[in-house]
Amino acid sequence: MINAGKYKHRITVYKLGTEKDADGFSIASETRVGSYRAAVNTTSGMTLIKSNTDFEKAYTRFTIRHPKAELERGMIVYFNGTRYKIEYVNNIDYKNTELELQCVAVVK
């Protein structure tokens, strides 16, 4: 049995793509895939020093009920004003009831 109360955060998922502007140039676009309730856990974080610049890299796990939409690597999750890139999608125990999205946010 799944405890519905653990999904207390709202996330929105977008798929990245390209489209052409009025002048015919390709521009990046985001297409909304869906909005879901999620359980959020920060799994790890670290600070990287690269070329005299500080970067923070935080790994976050979002667990949602198994959606009808297909979610995949490379999609973008918006949560609490931060953009996260999906690096791994896991169908928990292959039960088709919950999806675990392992995401990374790189903030400069």
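Bear in mind the structure is a predicted one, so any value in this text is a computation, not a measurement.
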Exercise. Compare all side-chain heavy atoms of Thr63 with those of Leu99 and state whether any distance is below 4.5 angstrom.
Key: no
Exercise. Flag yes if Val40 and Leu101 sit in one hydrophobic cluster, no otherwise; membership is Ile, Leu, Val, Met, Phe, Trp, Tyr, and two members link when side-chain heavy atoms are under 4.5 Å apart.
Key: yes
Quiz prompt | Euclidean distance, Ile92 CD1 relative to Ile64 CD1, rounded to 0.5 Å | solution = 9.5 Å
Quiz item: Short question: side chain of Asp21, backbone of Asp23 - any donor-acceptor pair under 3.5 Å?
Solution: yes
Exercise. Say whether Tyr14 and Tyr84 are linked into one hydrophobic cluster, either directly or through other cluster members, by side-chain heavy-atom distances under 4.5 angstrom.
Key: no
Practice problem: Would you name the heavy atoms of Asn91 and Glu98 that are closest together and state the gap between them? | Solution: OD1-O, 3.6 Å
Quiz prompt | Minimum side-chain heavy-atom gap Tyr36-Arg65 below 4.5 Å | solution = no
Quiz item: Which atom names give the shortest non-hydrogen contact between Cys103 and Phe62, and what distance separates them?
Solution: SG-CD1, 3.6 Å
Quiz item: Heavy-atom count around Lys85 NZ within 6.0 Å, excluding the residue itself: above 12?
Solution: no
Self-check item: Chi angles and distances behind the side chain to side chain contact (heavy atoms under 4.5 Å, CB included) call for Arg61, Glu100
Solution: CA-CA 7 Å; Arg61 180 178 60 223; Glu100 176 184 48; 2.3 Å; yes
Practice problem: State the CD-CD1 distance between Gln102 and Ile86, to the nearest 0.5 angstrom. | Solution: 11.0 Å
Quiz item: Looking only at heavy atoms, what is the nearest atom pair of Thr12 and Ser35, with distance?
Solution: OG1-OG, 3.9 Å
Which atom pairs, donor and acceptor, lie under 3.5 Å between side-chain atoms of residues 69-81 and protein residues at least two apart or in another chain?
unit_1: Arg73; atom_1: NE; unit_2: Glu87; atom_2: O; d: 2.9
unit_1: Tyr78; atom_1: OH; unit_2: Glu30; atom_2: OE1; d: 3.1
unit_1: Tyr78; atom_1: OH; unit_2: Glu30; atom_2: OE2; d: 3.2
unit_1: Tyr78; atom_1: OH; unit_2: Arg83; atom_2: NE; d: 3.3

